[in-house]
Every structure is written in C-alpha cells, then in structure tokens.
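First up is the structure itself, then whatever we jot down about it.
All chains are named by letter (A, B, ...) in the order of the sequence lines, taking the proteins before the strands, and each is independently numbered beginning at 1.
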2 protein chains.
Amino acid sequence: MGRWEPDSRGRLETAALALFGERGFENTTVVEIAARAGLTERTFFRYFADKREVLFGGAGALRELLVGTVDGAPENADPLDVVVAAFEAAAAMLQERREFALRRQAVIAANTELREREVIKLALLAAAVADALRRRGVSETAASLIADTGIAIFSAAFAAWINETEHREFPLLIRESFDELRAVTAGATRP
Amino acid sequence: MGRWEPDSRGRLETAALALFGERGFENTTVVEIAARAGLTERTFFRYFADKREVLFGGAGALRELLVGTVDGAPENADPLDVVVAAFEAAAAMLQERREFALRRQAVIAANTELREREVIKLALLAAAVADALRRRGVSETAASLIADTGIAIFSAAFAAWINETEHREFPLLIRESFDELRAVTAGATRP
DNA sequence: TAGAGTGATGACAGCAACTGACATCAACCG
DNA sequence: CGGTTGATGTCAGTTGCTGTCATCACTCTA
C-alpha cells in the first residue's frame, strides 16, 4: 500500500468535473479542486499545466487513435476516406462514455475559456492527422485541407450526437456529415 | 485638443506589438505595454478583456466583411461558392496590410497562448459565416460544414501566403486551395 | 539490515494577470 | 456659471501559476 492514495491525477479530474458542474468553472478555485481530491494546489499544477487542462486529459488518447488509424490504413486508400474512417473510430470510442462526454460538454459549453481550449485541442488533432497524411505522401496543402475537413465533419456530427433528442449512433452521424459535405462540394462551381 | 493624447486603443496595440516583437509575449507585462503607450495597466484592461486580445482587434472588421459578403451574394448562388468568394474578399483586405500581418503572425506563431486565441477567432468567424448561411436557408449541418470548410481553405491559403518565398496573390491562393479541396473530395468514396 | 537514494507530495514565498471601488478633472452642456 | 460626463488614474485585493526547498514512505544495494 502506497504512501498516498493512488491515482492523484484521476482524483483531480473527478473533483474538478464535479465542482465545475456544481458552481461553474470560474467560481471554482484550484485550491478547492485540490482540497476535494485530498491534495494541494501545487500538486494540481504538477499534473496539469493550467486549470483548464484538467478537463482535456482524454485528448491524447484520441490523438493516438486517430493517428494510429491513419497510419494503419492500406497504402493506396483515398486520403479523405482514411481520415473519415479514423474519425468514425474516434466516435465509437467516445460513444462508450456518453454520460461522461455529456457532463463534460455541458461544463465546457458554459465557459468561453474552456471552449477556447477545446477548439485548440481540435486544431492539435487536425495537425496530428495532417502529419500522418504527409507521412503517407499527401502534399502539404492537401494534408491540411483534408485534416481540417475531417475535423469539420467530426464537429458537425458531434454537435448532432450531443443535441439530438433521438440518440443515434455517433459513427453513423460521422458518415452522414461526410455525405453531406460531398453533396455540398459537388454542387459548387464546376470548371 | 483633448485632455489626453488621442487613440489610446491604437497606442496600446502598437506598443504591444512592438514589445512582443522585441522580447516576446511572455516576457512583456501589461504594465510595460501601458507605460510605453503613456497609460496605466488599468486602462489597458478597459480596452482589452485580456492581454492577448490586444493583438486581435481586427477580427471584428474581418467578420463584418465576411458576413457582409455572404449576406450580399445573389440569392440562388451556391453556398460554398459564396463562402469562398467571401474569403477571397477577406484575403484581399489582409493583403493590403501585408507587413503588419507578417509581424503580427510572427508574434502569434511564437506563443502557444496566442495561437490558441487565433484558433478561437477563426472558430468565431466560422460561426458567424455559418449563421449568415442559415439566414440564406442553408440547413443547420450544411451551414457548419461549409463555414468550416471555408476556414480550412482560408487557413491553408494563409499559410502559403505567409511562408512561400515567391509572393503570390492571397486571393489567388484561396482559389487554388478551393480547387485542391474539390479535387480531394471528388476522389473519395463514390456511392 | 543499515544506509543511501527516489519520487510523489507539501509548505511557502512571490510574480503577474485581472477586477472592483472610488477619485480626478478637462470638456461639454444647459 | 454650475452640474454632468467620460476617460483615465489610484489602490487594494484575488487567483492562477512558478521556483525552491523540505519531507518521508518506499526501494534498492552493499
């Protein structure tokens, strides 16, 4: 048995999500989060670079899944198809923790700073996916475009998944958004 | 003649960009910015919600231009074409202040917090464009997708405009990114 | 098994971002 | 001419975040 309770990081994350839910992000101090987790403020900042970061621990796993899927796709597959498939896998992953995702999203939606952080996390995911595409030989610009497009599809599907009253499968919603995007671009100016 | 020097806001912006360029964002305090502008810290925070915001005053004008262009487009025009045209207009606007844009971008690129803020500004632009599209009758999901796609095109073109050694016309680069995106989506899975 | 690490945590001091409350005073207005 | 207004200053306080050093159960090694 260790000297301290185990899983400090997890306890901090749980405490933070609970407190943010109860009284909001701004009305919760780091000292309070740490106290509820049975730790001190200093320890909080050893695990998380800043107060917001405590809500974004899962981003790393998501990135690995996305990059892994792209890296593992057949060599001659269409890049956009590959990216969409990767986001479908990510959607499936999130779907398994829908309750957590909902509570977390409610907290984030209620605060501008947190929305900022979420947007930048998405941008980082896009950058990682773009890198993976370049490794497959996709050109500089195309890689960015495709990765950003993937994020756009994912965001649209995520909003639907969270907000729709009839709860449909998240990966299915990804596919639908993709179809919609193809319809949209097909309609635009033809040379 | 006023009681104070005019254009406090502008003086703060100029002082901030200069200081950030000299010693970096993190090594510059708000007190120093205010002092160089002949003002106090408190006044700085009356004009800007936070330290980063001093670099993003132009975002409002950009949004108005985008939204205005979308609102003013012919009623039956293809939504994606309309959005691309709006971003071409925005690109033309930025091109007129290339020097400023370059210095500003160098400062932003050097700091994570500032990159975060820039990403969220782009997200806000996307949201505004999406709203404008909905006003035109475009569906909820399609509006988000098209607006995000526009941002993706803009971002890719902006990177090229800033980084390429041969300086090409920004609006032209937008058009090229758009073409590339269409090529990419045309290549993906066909039903 | 003594003693030297090791690693997670605590204690404490301090900076800088940001805020609220109130004071100031030139310019303007009736 | 006196009152109001609006931009700015002053000051005190909270909180996010960091550097530094101490602590001490556990572990490894001689």
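The backbone N or O of B:Leu55 lies less than 3.5 Å from a partner atom in the side chain of B:Arg104, making a donor-acceptor pair. Under the 3.5 Å distance criterion, the side-chain polar atoms of A:Arg11 are matched with a main-chain donor or acceptor of A:Glu5.
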_Protein-to-nucleotide contact annotation, 5' to 3' order, nucleotides 1-15 of chain D [B base; S sugar-phosphate only; - none; under 4.0 Å, heavy atom]_ = -----BBBBBB----
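Atom CZ in B:Phe44 sits about 11 Å away from atom P in C:dT19, given to the nearest Å. Here C:dT9 presents its C1' atom at 15 Å from CG of A:Asp7, a figure rounded to the nearest Å. Following rounding to the nearest Å, B:Arg117 (CZ) and C:dA17 (P) show an atom-to-atom distance of 14 Å. One atom, CZ of A:Phe45, and another, C1' of C:dT9, lie 16 Å apart when rounded to the nearest Å. When the P atom of C:dC18 is taken as reference, atom CG of B:Leu12 falls 14 Å away, rounded to whole Å. Rounded to an integer number of Å, the gap from B:Glu113 CD to D:dC17 C1' is 11 Å.
The closest side-chain donor-acceptor pair between A:Ser177 and A:Arg182, if any, does not fall under 3.5 angstrom.
The existence of a salt bridge linking A:Arg117 and A:Asp50 is confirmed by a sub-4.0 Å separation between a basic side-chain nitrogen and an acidic carboxylate oxygen.
Both tests pass for A:Arg97 against the ring of A:Phe100: distance under 6.0 Å to the centre and angle within 45° of the axis.
Using a 4.5 Å cut-off between side-chain heavy atoms of Ile, Leu, Val, Met, Phe, Trp and Tyr, with links allowed through other members, B:Leu65 and B:Val70 fall into the same hydrophobic cluster.
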